[in-house]
Structure formats: C-alpha cells, structure tokens
Engineer: 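Please read through the structure below; I'll follow up with questions.
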Amino acid sequence: MPEKICPARRLSGTVVLPGDKSISHRYAMLAAIADGPSTIHNYSQGADCQSTLGTMADLGITVERAPETTMIHGAGLEGLRAPARMLDAGNSGSTIRMLAGILAAQPFDSSIGGDDSLNRRPMRRIMSPLAEMGARIEARDGQFPPLTIHGSELYPIEYTLPVASAQVKTCVLFAGLFASGITSVVEPIRTRDHTELALQEFGVELDIRRGAISVAGRQRLSPRELTVPGDISAAAFLLTAALLVPDSDLVIRGVGLNPTRSTLLDVLASMGAQIKVLDIQQMGGEVVGDLRIQYSPIRGGTISGEMTAALIDEIPALAVLGAASEEGLKVRDAAELRVKETDRIGTIADNMRRMGVDIDVHPDGFDIAGRQKFHAARLDSFGDHRIGMAFAVAALAAGGESWIDNSESASVSFPGFYDLLRSLAN
Ligand code: S3P
C-alpha cells in the first residue's frame, strides 16, 4: 500500500512507543517454557512478535492476546508439543533463529519457515553451533529456511560467536537450557544482552564474565509478570525526524535505555543533538526512561567497528540524518546490513538516489556527503519496515509530497507509525 508523506514544518508532541521487539520475543519464548502462567504488559503488537506468539500456540502453549496484556501459560521445559504444521516465523529473523535453539532440544521434529524475505536469510550461523551440540537440521540449499529440525538430546559446548549476533548468542543459550552441563557463549564483540537479563528475570542462574556467558542446563524457569519497555529502535525514527525538521520538540515516553541498545543516543549527542533523559527507572532488569529531543543541527561523522554492530538496526535512520548533516556520514563494518530484511545498503542507496541524494556504496557500508537536499520522490520500503520508516522521515524534509510503496511493512515493528508521524507534524 502506498503512503503519502507531506513535508513537515515542525514536529511536536508526546509519544508512547510500541513494546521492544527484541525483549518481547525473549519474554514470549521463556514464558512458554516456564512452570506456569506469565503476564506480559506492553508486549509488541508488531507482526514479528505476533509471529512468535503464533509459533508458541502451534507448539501447544495457550496464549491469551489482548492489546495491553499478553498471558502465556508456560508448560515447563518438557511441555512443548509437536506442531501439526510448519511453524511460521513470518518476516522475523529473531523468531526463527532464537526458537531453533529450543526446537533442536525437543523430543519431536519440526519445520519452521517464513515469508520470501526470511526464506532468503542465512541460517548457517545457528545451524553450526546447534550441530556441534548434536542437533540435526536440514535447510533449503543447506543454508536457508525453511528449516527441518530433528529434535534430540543436546550436549553443552563452548561457542565463540564468529559474527556479532545476539540472535545466535540467544539460540545457543536457549539450547544450553536443555543440555546437561554448562554451555558457554563467548562474544568478541558485545551484543545486546536482553537474553541474559530475561533469563535471570525468569530465575535462571548465569555466570557472566567479560565476554562470556555460561548457563547450566536443566534449570527450571519461574513464571513472571513483566512489562516490556518501549522500543528504542522504533524511537530512532522519531529522534532522527526531530533532528531533521527545524523547531521540532518531542517527548518520547518509556524508552528502553539498555546500554547495549542505546549507542544511538551517545552517537547523536556526540554529533550535537540536544537529547535529555528524564525519569529513569528499572523494569525487569532493563533500564527505562523518557526522552526529550529538540531540533539541533547535526555534525555527522563516521560509524565503524563495534559501534556499527551496536546500532546496526538504527543505520537506515542515521543514513537519512547523515545526508542533512554538516559533514555527512560514513558507515563501515556494516556488511551485516546486506543480510537483514532487505540488503539495506542497496535499499538505502536506491531510495537516496530517488530523492536526488548522492551516496557512494561500499561492500560493507556507504559514504553520504552532508548538506544535501531531499527531493520529493516515489520511494519504496521494498518490504523492509526500517527502510520504509527511515525514508518517511526523509520525506518530511522534502520539497513536496512523497510516496512510500509497500509502506505496510512498518507493522512488523511499529504498527500505526505513519499515522503517528502525521499526528506529530503540525
Ligand atoms: C536482534 C539482534 C540483531 C538485530 C535484530 C534483533 C535480537 O540481529 O538486528 O533486529 O533481538 O537479538 P543479530 O543478532 O543478527 O545481529
């Protein structure tokens, strides 16, 4: 569905975000294997997290979905049942990669796949460690979904992540929950730690030392009542919009500020953004706060190395800001962008060029000169939620009306995004 975006004179208002996508997936999967019912408030209504709930239901778990509160009736470590059909992860890489760790340990076989985009994403990164643990997994062409997972007894391993991936870390730790003995994941580059925090919330003891997380298998999980913080990766589009449109002033409530997720805030502040963090609280091991962002000119700069890994999901939004910044934006060490919901280096470049913005593409990133003007254009999300939302933000600063084709993909992580954006533009 095409969505029309008009230029904005200023953005103002107070925003409440959807529940964090990463945290929602983890709470749902852990609640399903806990000993009893868990209540989760502010669970993401995005299609990805609803896909995870669908897989839980297909595995025999009773799930009660309501807009504010989701109840998951956990059946314990041995409580999942063989699904009657192929599990559908939709567009969600997190669902298929993290759940594979649980499915590999079941006393039944299962298959899991998704939409065309998901079925083109690489799975060897989870197949290798799970094979080391004793799992047998078949994949299309040896590496793509759908996966057929032959559940079996798993053995603990020590696994060093070859790619900085929290999804792979989570897959191995979830598999380790079912193995007898201690499973360790070593991460040379730190990735988001929601899994560690969530496991501890559900009562699992972990040994966490610099760069290594170990879990003893067969620990029981206790059901919990938890609230999911607002999604900082969704906030990224509003933060960058406020920094693009002069005179903007937004308050964003209840944002998850986990330090392994909030690098964007540090980067924006170092580039000159006026962001205030108001009213910080702890919530289920996670840090949550309200943000106030006011328009401020942005210098631009370079994103590379560990910083790239820490804000990989925010790069589409940052790229847009980079084109309007004073010095432009250089992104390196971002080859992972090529295997997200789309090849994001390609889809960012395509939309930039449609708007008349120059961009030089590299295998692992891009260079965008600063002080460029966005021209109104027909844009495309290419079915990728973050690409559609990032270019809707760019379109706010264009000289006329732009259109985003395939805009409905925003509902993967941020249902209602376009209406919200319009309601802030006044
Ligand atoms: C996620 C981890 C990241 C991120 C994805 C969600 C997670 O992927 O891009 O949107 O919830 O663990 P990788 O772990 O593959 O880097």
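One-based numbering, in listed order, for ligands and for the atoms of each.
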Engineer: Provide the closest heavy-atom pair for R378 versus P2 in the form atom of the first, atom of the second, distance.
Structural biologist: NH2-CB, 3.4 Å
Engineer: Give the minimum heavy-atom separation between Q45 and A66, together with the two atoms involved.
Structural biologist: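 The pair with the smallest heavy-atom distance is NE2-O, 3.9 Å.
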Engineer: Where is the tightest heavy-atom contact between V186 and P188, given as atom of each residue plus distance?
Structural biologist: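 Result for this residue pair: O-CD, 3.5 Å.
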Engineer: Ignoring hydrogens, what is the shortest heavy-atom contact between M29 and F174? Give both atom names and the distance.
Structural biologist: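 Reported closest heavy-atom pair: SD-CE2, 3.9 Å.
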Engineer: Is the shortest side-chain heavy-atom distance between D350 and D380 below 4.5 Å?
Structural biologist: no
Engineer: So, using ring pair (Phe, Tyr, Trp, His ring centres under 6.0 Å) as the criterion, who are the partners of F414 when residues are at least two apart?
Structural biologist: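 Once residues adjacent in sequence are excluded, the partners of F414 under the ring pair (Phe, Tyr, Trp, His ring centres under 6.0 Å) criterion are F417.
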Engineer: Please tabulate, one line per pair, the protein nitrogen or oxygen atoms found under 3.5 angstrom from a nitrogen or oxygen of ligand 1, with distances to 0.1 Å, or say none if there are no such pairs.
Structural biologist:
unit_1: ligand 1; atom_1: 8 (O); unit_2: K340; atom_2: NZ; d: 3.2
unit_1: ligand 1; atom_1: 9 (O); unit_2: D313; atom_2: OD1; d: 2.7
unit_1: ligand 1; atom_1: 9 (O); unit_2: D313; atom_2: OD2; d: 3.4
unit_1: ligand 1; atom_1: 9 (O); unit_2: K340; atom_2: NZ; d: 2.6
unit_1: ligand 1; atom_1: 10 (O); unit_2: D313; atom_2: OD1; d: 3.4
unit_1: ligand 1; atom_1: 10 (O); unit_2: D313; atom_2: OD2; d: 2.9
unit_1: ligand 1; atom_1: 11 (O); unit_2: S22; atom_2: OG; d: 2.7
unit_1: ligand 1; atom_1: 11 (O); unit_2: R26; atom_2: NH1; d: 2.9
unit_1: ligand 1; atom_1: 12 (O); unit_2: R26; atom_2: NH1; d: 3.4
unit_1: ligand 1; atom_1: 12 (O); unit_2: R26; atom_2: NH2; d: 2.6
unit_1: ligand 1; atom_1: 14 (O); unit_2: S165; atom_2: OG; d: 3.0
unit_1: ligand 1; atom_1: 14 (O); unit_2: A166; atom_2: N; d: 2.8
unit_1: ligand 1; atom_1: 14 (O); unit_2: Q167; atom_2: N; d: 2.9
unit_1: ligand 1; atom_1: 15 (O); unit_2: S165; atom_2: OG; d: 3.2
unit_1: ligand 1; atom_1: 15 (O); unit_2: Q167; atom_2: OE1; d: 3.3

